[in-house]
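Below is one structure, written out as structure tokens; comments come after it.
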Amino acid sequence: MQKQLCRQRIDEIYAGPHNSRIPRGTRTLADSLILLEHSPVYTNGRRNHGVLSVDEITRLRKLGCDYVETNRGGEITFHGPGQLVAYPNLYLKDHHLGTKCYVKGLEHTIVEACARLGIDADVVDGFPGVWVSHTQKVAALGTHVQKYVTSHGFALNCTTDMKWFDEIVPCGLEGRSATSLASVLARQGRSEVDSSIGAVLPTVIDSFKAVFGCDVLPLEEVSPETYAMIRQLLE
């Protein structure tokens, strides 16, 4: 779905003479922020296409989990119940952003959201994602940018069952592990704080708005055409 959406956006944005950009106000399709919860699936990044053996893929699928190779950056990770996944589909030039600044913005969105929940999280140089310690990652990050149009994004472990991560080396980082907001809150003695996706979602949206300096509104109101296209692609 993301590949098709990006292709449609690129085709429209560069529909001017000699593949030049057309003005923002004349485009039909708009930026979107897709927020969802996946069924259990292990995904791998573009650098690892074909790396896993057939036996290993079969083993993972026997756990009750799908396996998909994607065009995002990064290595193998898990998506599933209790995890909030965000797929921003943005045209970066409209926001005066380069790829590096965009990626930092995604990381700081999660850091800000964690801070609002009373959790101290940060980035670690050389290790993508957001960490609550030097060895525990609470959110994974993997993006793809083509002609300044973004796809993929981040995955924040809210109440995710960590057993799924025990079956892999998350993001290819030996000696480091994944954790969840619920686990961190429990260690703080704050288990009563609701860390479900439904409770965390508004905080993540507010943090995204603050970091990127934008509004986040229902897509069907902002761009019915984009909303209809995404619905069609999902079907």
Side-chain angles (χ1 to χ4, degrees), residues 1-6 33-89 103 106-107 109-110 113-114 121 123-124 126-146 150-184 195-198 200-201 204 230 233-235:
M1 185 273 288
Q2 292 192 77
K3 284 184 180 179
Q4 295 176 66
L5 177 59
C6 286
L33 175 61
I34 301 171
L35 298 155
L36 68 149
E37 179 183 29
H38 278 293
S39 298
V41 57
Y42 290 107
T43 69
N44 224 330
R46 55 184 176 268
R47 73 172 67 176
N48 278 352
H49 283 197
V51 169
L52 263 63
S53 67
V54 173
D55 287 346
E56 177 63 4
I57 293 171
T58 300
R59 183 186 73 84
L60 293 176
R61 286 179 169 156
K62 284 182 177 179
L63 297 172
C65 207
D66 200 0
Y67 174 78
V68 177
E69 293 183 341
T70 74
N71 66 346
R72 63 164 172 79
E75 300 191 27
I76 191 167
T77 192
F78 170 78
H79 299 309
Q83 185 189 72
L84 175 60
V85 176
Y87 293 141
N89 180 249
V103 170
L106 293 182
E107 290 176 329
T109 293
I110 304 163
C114 288
V123 297
V124 176
F127 298 99
V130 174
W131 303 75
V132 294
S133 73
H134 282 285
T135 59
Q136 289 197 309
K137 178 190 284 191
V138 74
L141 194 89
T143 62
H144 179 72
V145 181
Q146 182 179 3
T150 70
S151 60
H152 299 283
F154 65 79
L156 174 62
N157 297 322
C158 298
T159 58
T160 319
D161 188 339
M162 293 294 105
K163 72 176 184 181
W164 295 103
F165 290 94
D166 294 338
E167 302 294 334
I168 58 173
V169 179
C171 302
L173 299 175
E174 295 280 0
R176 295 170 188 259
S177 61
T179 191
S180 66
L181 296 177
S183 297
V184 176
S195 58
S196 66
I197 289 177
V200 171
L201 182 59
V204 171
I230 292 174
L233 292 174
L234 288 173
E235 292 171 0

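This one's a predicted model, so the numbers in the text were calculated from it and none came from an experiment.
Looking only at side-chain heavy atoms (C-beta outward), I76 and V51 stay at 4.5 Å or farther from each other. Residues D161 and P81 are not in side-chain contact: their nearest non-hydrogen atoms beyond the backbone lie 4.5 Å or more apart. For the pair I197 and T159, the minimum side-chain heavy-atom distance is 4.5 Å or more. F165 is not listed as a side-chain neighbour of T179, based on a closest heavy-atom distance of 4.5 Å or more. Inter-residue side-chain proximity for V124 and H134 is flagged as met; some heavy-atom pair is nearer than 4.5 Å. L60 places a side-chain heavy atom less than 4.5 Å from the side chain of I168.
No donor-acceptor pair closer than 3.5 Å links the side chain of R46 to the backbone N or O of H144. Using a distance-only test at 3.5 Å, with no hydrogens or angles considered, a donor-acceptor pair links the side chain of E37 to the main chain of G82. No donor-acceptor pair closer than 3.5 Å links the side chain of T143 to the backbone N or O of G153. Side-chain atoms of H49 come within 3.5 Å of backbone N or O of T70 as a donor-acceptor pair. Put simply, the side chain of D66 never gets that close to the backbone of P40: no donor and acceptor are under 3.5 Å apart. Here the side chain of Q83 pairs a donor or acceptor atom with the backbone of F78 at under 3.5 angstrom.
Taking NE2 from H79 and OG1 from T160, the interatomic distance works out to 10.5 Å, rounded to the nearest 0.5 Å. To the nearest 0.5 Å, atoms CG (N157) and OG (S195) are separated by 11.0 Å. Once rounded to the nearest 0.5 Å, the distance linking CD of Q136 with OG of S133 reads 4.5 Å. Between the CD1 atom of I34 and the CG atom of L234 there is a distance of 7.0 Å, given to the nearest 0.5 Å. Atoms CG and CG, on L106 and L141 in that order, are 5.5 Å from each other to the nearest 0.5 Å. Remark: C114 SG to L181 CG distance equals 5.5 Å, nearest 0.5 Å.
The two residues V138 and L156 have their closest heavy-atom pair at O-CD1, 3.7 Å. Closest non-hydrogen pair, C158 versus S196, comes out as CB-C, 4.4 Å. The heavy-atom pair separating T150 from N89 by the smallest distance is O-ND2, 3.0 Å. What you find for G129 and K137 is that their closest heavy atoms are CA-CE, 4.4 Å.
A donor-acceptor pair shorter than 3.5 Å can be found between the side chains of H152 and N71.
Ring planes of W164 and Y42: perpendicular class, angle over 60° (limits at 30 and 60°).
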Inset, instruction - Dump the intermediate steps for side-chain contact (heavy atoms from CB on, under 4.5 Å) on E75 and N44, then the final yes or no. - result: CA-CA 5 Å; E75 300 191 27; N44 224 330; 4.2 Å; yes
